[in-house]
Amino acid sequence: FYKAGLAYQAEIPINWCPLEKTGLANEEVVDGKHERCGTLVEKKTLNQWVLKITEYADRLIKDLGDVDYLDRIAVQQVNWIGRSEGAEIEFDLHGISGQADDKHTVTVYTTRPDTLGGATFVVVSPELAQKWLDNGWKASDKVKDYIHKSLNKSELDRQDENREKTGVDSGITAVNPLNNEEVPVWVADYVLGGYGTGAIMAVPAHDERDYEFAKKFKLPIKKAIEPKFIAETGDSAVQPDQDFIKREAVCAVVRNPKTNEYLCISWKEHHMNGLVTGGLEGDEDPVKAAEREIREETGYKNLRFVEDPGIYIHSLFYHRQKKQNRWARFHFLFFELANEETEPVSKKEAALLKPVWKTIDEMRSFFSVVEGTFITNVLDNPNYVYTGEGVVVDTGNKFDGLAGSEARHAIVEYLFKTNKAKHATKYKLRDWIFSRQHYWGEPIPIIHCPKDGAVAVPDKDLPVELPLVDHYEPTETGESPLAAIDDWVNVKCPECGGPAKRETDTMPNWAGSSWYYLRYIDPHNDQEFASQDKLKYWLPVDLYNGGMEHTTLHLLYSRFWHKFLYDQKLVPTPEPYAMRRSHGMILGPDSQKMSKSRGNVINPDSIVESYGADTLRLYEMFMGPFDEMTAWSDERLAGVSRFIHRVWDLSQRLIGNDKQAGAPDGILATEVDRMVHKTLKKVHEDIEGMHFNTMVSALMELSNFLNSREISDRLLKPENADTAQRTVRTLVLMLAPVVPHAAEELWQELGERESVHTAEWPKYDPALIKEELIEIPIQINGKLRATIVVAVDVSDDELEKLAAGQEKVKQHLEGHKILKTVVVSRKLVNFVTDTLEVKATN
RNA sequence: GCCCGGGUGGUGGAACGGUAUACACGACGGACUUAAAAUCCGUUGCCGCAAGGCUUGUGGGUUCGAAUCCCACCCCGGGCACCA
């Protein structure tokens, strides 16, 4: 990695465990404590080796398309990498001296440049502010104090604060490049130093975090966009090839103060439910227009105008009566009912729609218009912040009317001309901190020379092995314990031959686990980690199953590592694992996670001791879907054990029938073969789909079938020995994957000398599975009323006739007219009658 | 808060839009036994003597037909979490 330019050293604040005196990876810290020892974690800045996994971020996302991972695993990987597309925008700063490069600017990262007009302040992270201080910014003591305190906050402090935002006015101002407005710059630790540029433009009108901060510190809130909703489904979905007719309109929110319900409208023709709305005629006063619409549509005439909160939304829909695409800009106006007096509504309106009163909760499920959720949110929450897409307003007509990505693009392009903005892509994924200060772990093969700097250990001296020591206690300084071992540390520089020192940090556990599967392919090779031929033969790994706890870090590191080797032409595939699945967890008998403190731990060894490994294995396969959690149950375990005994006894009896006299029972053979091959098909498919629980069910069903009095009596007759032998062989082969030990013994008893596990997997014969008779359900109005058994090749007409002739069916059809008959070939018959009413019961 | 899963009998769980509750556990009844365990046979979604009715978290929708598809909501589990 180092030679390829993908490893570097940096001063990095890390989590430090004061008890074990070692740096910790983020994943070793839980709730501010070291996961292993429970010690409170501290912050410490150390010089660390780091691998540039972020350079592979895009490929790690894109190549997920070429592999078959369990959905949620792929999704978790994508979320963890956290790619976001946005823009970097530069604000000029006033009132700062000595900032980096004397540029006196701050660059912010945003995914929403379309909301730039609503940026009423800028927030920089304490980390960035500290940099400014280092570069000579003369901040007030209060500001310096805040920066200092936030940088020294431990993980626990950060979480303890319950997310109450803190911050301080820096005294600096910034110029919004879109409208040249001068806005204050604040320092606050809700902005992360490690993400983006470490600074943001705050748009309180369209970002919940900024809104919270603005509220707390009484900063201005300015609207930059008006919500835009497009109907994409249902009756009013916009027609793709039609222009939009734009209308200014009002939307009346009418509350009945007595009941706290709101006046809604239900359109009769199409399924559309919303509020009272209407177009503005000419330069009509909006309040007047709203009152007129309320009267016309609902008849309520005594209204009290409450307020105009300045809410406008854009709603794009298809107007069915007018047959046109509409783009309505609704002006929301709030009214209360003075009294419930109404006047008659015109016939025309009454035919179209009817008024209904709904509470906010009822509105949620009632509304079918696209803006429905927005309306209930606004009514429900006085602090509702709209963060969705919208139409840009208030930019002096430069960008007004544009929306969404079009607006974002236009604004960035415009600012790009004056070097004030550019498109940028950011990731949540950070580079991989690769240093540990343990004794254990692979030593990082670097030699530090005062003259040549960090030099890679020459290939011929690899691998660097850990020295044998009596003690490997940690040191006080944060250096690896290896630093104290002089004759190991002190070496000659491979470049200049002068005195130099080995790197004493070691690699994390993840290092080895990133590529162990490659070594498994060729474990005795002493020339290379594996031969190219063997790698070509075996890679990629066909199926990698592992716990969910390794679906982000280990899996991501491992894929990165493999891709690096691929780039170095050391492995033949870009991805290590073709398929990735994950098993669920087995919970204790109390349905809780197993843990010593709960005392609900099941020890597999004791199960093996009392029931045997076959029972344990089969039970685990049977207990539930492979990838879901299930609670342990001793009773069910015993049930599985009983099954094994039954199938064992059955097999013994079948094997015992090796006499061959008389004419075999052909009907029995057909029946048994059909069942065996049906099971074979199911078992095969279930193994492929990893549905092991139903695979075991199928085997149980087969066993029950063969054990039934009717079948087993005949199967044990000497003349049917061939059928018995054939059956038991297939049965044993199918049992082999789930009860390997018992199956192996039975296999030997069948006279085989090779292992059952190397025997060829049986194939099912589709011809044997074919049924001659099938059972057909007969429904009336979708309800099962009878079943009939018919020949497989029955025609639809015949089927209908047979169905109609059934006694039960006749009974239920009596007095009803058949409106329609649905016949699904060889599947089902459904009679639809004139009424769904059922005969009254007395 | 966001992103994934999931919600079906007393229990674990089955079910290409087409007979809901396969398979197993438990429970109940019976056989064998002096007795118990083990084993074997039978019954077992709920209501009802029955005919029949009801039932897949809740409420709507699509369909001849929905556990399954669509919308809204509730609950449980997991992951991420001030990522702009």
Side-chain angles (χ1 to χ4, degrees), chain A residues 70-76 78-80 82 84 86 108-112 115 123 158-159 163 165 188-192 194-197 199-203 206-210 212-213 233-234 271 361-368 372-373 376 387 426-430 548-549 551-552 584-585 591 619 622-625 627-640 642-643 645-646 649 691 693-694 696-701 703-704 707 709 775-787 811 819-824 827-833 838-839 841-842:
Chain A
L70 201 67
D71 261 0
R72 64 190 150 128
I73 296 177
V75 166
Q76 265 189 43
V78 171
N79 290 347
W80 189 266
S84 82
V108 303
Y109 174 70
T110 178
T111 54
R112 293 298 300 275
T115 64
V123 187
R158 283 210 162 185
Q159 295 184 350
R163 291 284 157 78
K165 287 187 175 45
D189 67 1
Y190 83 89
V191 173
L192 305 177
Y195 182 76
T197 60
I200 60 150
M201 63 180 210
V203 185
H206 305 294
D207 183 285
E208 279 162 23
R209 297 151 299 181
D210 298 342
E212 200 188 310
F213 193 79
T233 54
H271 305 101
D361 269 350
E362 288 166 350
M363 284 157 96
R364 274 183 231 285
S365 50
F366 169 74
F367 278 150
S368 63
T373 311
T376 47
T387 57
K426 302 282 177 198
Y427 304 88
K428 284 192 216 173
L429 182 70
R430 304 297 151 78
M548 280 306 284
E549 68 273 20
T551 49
T552 44
M585 205 191 321
S591 296
Y619 173 56
F622 183 61
M623 60 196 306
D627 57 0
E628 275 172 38
M629 297 198 272
T630 322
W632 182 269
S633 155
D634 283 329
E635 283 93 354
R636 278 178 213 121
L637 176 82
V640 163
R642 282 202 288 275
F643 164 71
H645 283 112
R646 275 199 301 271
D649 292 343
H691 305 301
N693 55 332
T694 51
V696 176
S697 297
L699 289 170
M700 285 174 169
E701 275 173 274
S703 158
N704 289 346
N707 249 329
R709 181 66 42 82
E775 202 186 3
I776 304 281
I778 299 159
Q779 302 179 335
I780 293 169
N781 295 324
K783 275 200 162 98
L784 182 73
R785 291 303 177 190
T787 59
Q811 272 173 35
L819 298 178
K820 187 176 173 181
T821 306
V822 181
V823 180
V824 183
K827 270 273 157 104
L828 149 148
V829 181
N830 187 16
F831 296 105
V832 184
T833 66
V838 217
K839 267 189 288 174
T841 51
N842 37 317

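Letters A, B, ... mirror the listed sequences (proteins, then strands); counts begin at 1.
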Between protein and nucleic acid, restricted to nucleotides 1-4 of chain B and to nitrogen or oxygen atoms under 3.5 Å apart, what atom pairs and distances do you find?
residue, atom, partner, partner atom, Å
B:rC3, O2', A:Asn79, ND2, 3.4

Which pairs, protein N/O on one side and nucleotides 16-20 of chain B N/O on the other, fall under 3.5 Å?
residue, atom, partner, partner atom, Å
B:rC16, N4, A:Lys827, NZ, 2.2
B:rG18, N2, A:Gln779, OE1, 3.3
B:rU19, N3, A:Glu775, OE1, 3.4
B:rU19, O4, A:Glu775, OE1, 2.6

Quiz item: Could you go step by step and tell me if A:His206 and A:Val203 meet the side chain to side chain contact (heavy atoms under 4.5 Å, CB included) rule?
Solution: CA-CA 6 Å; A:His206 305 294; A:Val203 185; 3.9 Å; yes

Self-check item: Pairing residues for A:Lys428 by the salt bridge (Lys or Arg N to Asp or Glu O under 4.0 Å) criterion, not counting sequence neighbours
Solution: none

Quiz item: Quantified in whole Å, what is the P atom distance between nucleotide B:rA20 and nucleotide B:rG65?
Solution: 15 Å

Practice problem: May I ask you to say what A:Lys426 touches in the nucleic acid, namely base, sugar-phosphate or nothing, with a heavy-atom cut-off under 4.0 Å? | Solution: nothing

Quiz item: Within a strict 4.5 Å, meaning less than it, do heavy atoms of the A:Phe831 and A:Leu819 side chains meet?
Solution: no

Exercise. Using a 4.0 Å heavy-atom cut-off across all strands, classify A:Thr552 as base, sugar-phosphate, or nothing.
Key: nothing

Practice problem: For B:rG9, decide between syn and anti, treating a glycosidic angle within 90° of 0 as syn. | Solution: syn

Heteroatom pairs (N/O) under 3.5 angstrom, protein to nucleotides 68-74 of chain B:
none

Quiz prompt | Stems involving RNA chain B, each a run of at least 3 consecutive Watson-Crick or G-U pairs under 3.5 Å | solution = B:1-7 with B:74-80, B:10-12 with B:23-25, B:26-31 with B:39-44, B:45-47 with B:52-54, B:57-61 with B:69-73

Quiz item: Can A:Lys165 be said to sit on top of A:Phe213's aromatic six-ring, NZ or CZ under 6.0 Å from centre and within 45° of the ring axis?
Solution: no

Quiz item: With side chains defined as the heavy atoms from C-beta onward, is the minimum distance between A:Arg636 and A:Val640 less than 4.5 Å?
Solution: no

Quiz item: With A:Trp80, which residues qualify under ring-ring contact (aromatic ring centres under 6.0 Å, His included), at least two apart?
Solution: none

Practice problem: Test side chain to side chain contact (heavy atoms under 4.5 Å, CB included) on A:Leu828 and A:Gln779 and set out the steps. | Solution: CA-CA 8 Å; A:Leu828 149 148; A:Gln779 302 179 335; 3.6 Å; yes

Quiz prompt | Pair A:Asp634, A:Tyr619: side-chain N/O donor-acceptor within cut-off below 3.5 Å | solution = no

Quiz prompt | Contacts of A:Ser703 that satisfy side-chain hydrogen bond (donor to acceptor under 3.5 Å, both in side chains) - sequence neighbours left out | solution = none

Quiz item: Do any side-chain nitrogens or oxygens of A:Lys783 fall under 4.0 Å of OP1 or OP2 in B:rC54?
Solution: yes

Quiz item: Roughly, in whole Å, what's the span from CD in A:Gln811 to C1' in B:rA51?
Solution: 9 Å

Quiz item: Rounded to whole angstroms, how far apart are CG on A:Asn704 and C1' on B:rA22?
Solution: 11 Å

Quiz item: Within a strict 4.5 Å, meaning less than it, do heavy atoms of the A:Val829 and A:Thr821 side chains meet?
Solution: yes

Quiz item: A:Thr694 side chain to A:Ser697 main-chain N or O, any donor-acceptor pair under 3.5 Å?
Solution: no

Quiz item: Quick one: what's the B/S/- string for nucleotides 37-47 of chain B, heavy-atom cutoff under 4.0 Å, read 5' to 3'?
Solution: --SS-------

Quiz item: Which sits closer to the 5' end of RNA chain B, A:Ala638 or A:Tyr195, going by the nucleotide each is nearest to?
Solution: A:Ala638

Quiz item: What is the per-nucleotide protein-contact pattern of nucleotides 10-15 of chain B, from the 5' end, where B denotes a base atom under 4.0 Å from a protein heavy atom, S denotes such proximity for sugar-phosphate atoms only, and - denotes neither?
Solution: -BBSS-

Quiz item: Less than 4.5 Å apart, any side-chain heavy atom of A:Ile780 and any of A:Thr833?
Solution: yes

Quiz item: Does the side chain to side chain contact (heavy atoms under 4.5 Å, CB included) test come out yes or no for A:Trp632 and A:Leu637, once each step is laid out?
Solution: CA-CA 8 Å; A:Trp632 182 269; A:Leu637 176 82; 4.1 Å; yes

Practice problem: Can you tell me, in whole Å, how much space there is between the C1' of B:rG9 and that of B:rA24? | Solution: 13 Å

Quiz item: Using atom C1' of each nucleotide, how far apart are B:rU62 and B:rU8 to the nearest Å?
Solution: 22 Å

Quiz item: Any N or O donor-acceptor pair linking the side chain of A:Lys428 to the base of B:rC80 at under 3.5 Å?
Solution: no

Exercise. Please list, chain by chain and in numerical order, all residues satisfying side chain to side chain contact (heavy atoms under 4.5 Å, CB included) with A:Val75, sequence neighbours excluded.
Key: A:Asn79

Quiz item: Run the side chain to side chain contact (heavy atoms under 4.5 Å, CB included) check on A:Asn781 and A:Val832 step by step: do they pass?
Solution: CA-CA 5 Å; A:Asn781 295 324; A:Val832 184; 3.8 Å; yes

Practice problem: Could you tell me whether A:Asp627 contacts a base, only the sugar-phosphate backbone, or nothing, with contacts defined as non-hydrogen atoms closer than 4.0 Å? | Solution: nothing

Quiz prompt | Set of side chain to side chain contact (heavy atoms under 4.5 Å, CB included) partners for A:Met548, sequence neighbours left out | solution = A:Arg72, A:Ile73, A:Gln76, A:Thr551, A:Ser582

Self-check item: Whole-Å C1' distance, B:rA84 and B:rG78
Solution: 26 Å

Quiz item: Base, sugar-phosphate, or nothing: which does A:Gly639 touch, judged by heavy atoms less than 4.0 Å apart?
Solution: sugar-phosphate

Practice problem: Verify, without hydrogens or angle tests, whether A:Asp627 (side chain) and A:Gly584 (backbone) share a donor-acceptor contact under 3.5 angstrom. | Solution: no

Practice problem: Apply side chain to side chain contact (heavy atoms under 4.5 Å, CB included) to A:Ser84 and list each qualifying residue two or more places apart in sequence or on a separate chain. | Solution: A:Tyr109, A:Thr111, A:Tyr195, A:Lys426

